[in-house]
Amino acid sequence: MLRVLTNLNLLNRQDFTGSTSLIASGVTGTWVKQETGTVDYVTTSGEYAVGPVWTESYRDGTVGSWSPDVGITGNLTIIWGSFRALTDQFTGAPAVGNALAVLDDGTLGVGTANSDYIVAYCTKASHSITHLGSTHTVIEFTTV
């Protein structure tokens, strides 16, 4: 789940071909890296990531279940730039002000400055929201 709180005109978005593993097991909000025209999970926690997947996945959180166009094109929409958002794709218990890096499962986790590639900062710790009729435990973050 990814809910963008920033004006969408301030974002960059682009479609990339998703790797077989990402299409089979990803969800909206999974953070990815780009390699030679495709996007995939980072291979090592703290590695550089482009941004989260914005393509709509099933609302029940079923992995690998995307909107019908993904089955036809194999493409996923990735967003990047400076933005603020809510996501349920996080690991651990990030606190307000924690630097966030991308873990090897595509989730955000607490990162270490000068050793991990920091992609965002936590601006609101774990809390529950209702989004599109489902309750999610999310964090709020701002990208860097």
Side-chain angles (χ1 to χ4, degrees), residues 1-8 10-96 98-112 115-144:
M1 179 255 162
L2 179 69
R3 182 174 170 189
V4 177
L5 303 174
T6 300
N7 183 322
L8 297 178
L10 301 174
L11 298 177
N12 297 299
R13 75 166 191 85
Q14 184 173 350
D15 289 349
F16 292 96
T17 301
S19 71
T20 303
S21 63
L22 180 61
I23 288 178
S25 62
V27 294
T28 302
T30 300
W31 282 73
V32 297
K33 67 177 180 177
Q34 183 200 12
E35 290 185 339
T36 321
T38 64
V39 288
D40 200 356
Y41 292 103
V42 299
T43 51
T44 306
S45 292
E47 185 178 24
Y48 174 78
V50 175
V53 175
W54 198 34
T55 301
E56 184 178 10
S57 58
Y58 283 10
R59 292 180 182 172
D60 66 3
T62 305
V63 297
S65 299
W66 302 101
S67 57
D69 59 312
V70 174
I72 296 168
T73 67
N75 291 337
L76 296 171
T77 302
I78 310 304
I79 60 171
W80 72 92
S82 293
F83 63 92
R84 189 171 60 98
L86 299 171
T87 188
D88 64 353
Q89 297 302 298
F90 69 96
T91 300
V96 173
N98 282 158
L100 302 173
V102 179
L103 305 181
D104 60 6
D105 62 356
T107 62
L108 293 174
V110 176
T112 304
S115 63
D116 293 325
Y117 186 83
I118 303 304
V119 296
Y121 285 89
C122 182
T123 53
K124 187 171 183 182
S126 178
H127 62 285
S128 293
I129 65 160
T130 300
H131 178 68
L132 299 175
S134 298
T135 300
H136 301 273
T137 300
V138 299
I139 60 169
E140 183 178 304
F141 66 90
T142 300
T143 60
V144 292

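Remark: side-chain polar atoms of T107 are not paired, donor with acceptor, to backbone N or O of L103 under 3.5 angstrom. Between the side chain of S57 and the backbone N or O of T28 there is at least one donor-acceptor pair closer than 3.5 Å. Side-chain N or O atoms of T87 include one that pairs as donor or acceptor with a backbone N or O of M1 at under 3.5 Å. Side-chain atoms of S45 come within 3.5 Å of backbone N or O of D104 as a donor-acceptor pair.
The two residues L10 and T6 come nearest to each other via the heavy atoms CD1-CG2, 3.8 Å. The two residues S25 and Y41 come nearest to each other via the heavy atoms OG-OH, 2.9 Å. A101 and G46 get closest at one heavy-atom pair: CB-CA, 4.0 Å. Between S21 and D40, the shortest heavy-atom contact is OG-OD1, 3.3 Å.
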Q: Kindly determine whether I139 and L100 satisfy side-chain contact (heavy atoms from CB on, under 4.5 Å), including the steps that lead there.
A: CA-CA 11 Å; I139 60 169; L100 302 173; 4.0 Å; yes
(Q) V4 vs L11, test: side-chain contact (heavy atoms from CB on, under 4.5 Å). Steps then yes/no. (A) CA-CA 10 Å; V4 177; L11 298 177; 3.8 Å; yes
Q: Before giving the answer on side-chain contact (heavy atoms from CB on, under 4.5 Å), spell out for V102 and K33 the whole-Å C-alpha distance, their side-chain angles and the decisive distance to 0.1 Å.
A: CA-CA 10 Å; V102 179; K33 67 177 180 177; over 6 Å; no
Q: I would like to know whether L22 and F16 meet side-chain contact (heavy atoms from CB on, under 4.5 Å); could you show each step before the answer?
A: CA-CA 12 Å; L22 180 61; F16 292 96; over 6 Å; no
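Using cut-offs of 30° and 60° for the angle between ring planes, the F83 and F141 rings count as perpendicular.
Distance CD/Q34 to OG1/T17: 10.0 Å, rounded to 0.5 Å. Atom CG in L5 sits 4.5 Å away from atom CG in L86 (nearest 0.5 Å). We find the CH2-CZ distance between W80 and R13 to be 9.5 Å, quoted to the nearest 0.5 Å. Within the model, atoms OG1 of T143 and CH2 of W31 stand 6.0 Å from one another, a figure rounded to the nearest 0.5 Å. In this structure, OG1 on T55 lies 6.5 Å from CD1 on I78, to the nearest 0.5 angstrom. To the nearest 0.5 Å, the span separating OG1 on T142 from CZ on R84 amounts to 6.5 Å.
At a threshold of 4.5 Å between non-hydrogen side-chain atoms, the residues T91 and D105 count as touching. Looking at heavy atoms from C-beta onward, I129 lies in side-chain contact with R3 at the 4.5 angstrom threshold. Side chains of L2 and Q89 form no contact here, defined as non-hydrogen atoms less than 4.5 Å apart. Taking 4.5 Å as the limit, some side-chain heavy atom of V53 sits within range of a side-chain heavy atom of W66. Looking only at side-chain heavy atoms (C-beta outward), C122 and F90 stay at 4.5 Å or farther from each other.
Within the structure, side chain to side chain donor-acceptor pair (under 3.5 Å) contacts touching residues 118-133 (residues at least two apart or in different chains) are T123-E140.
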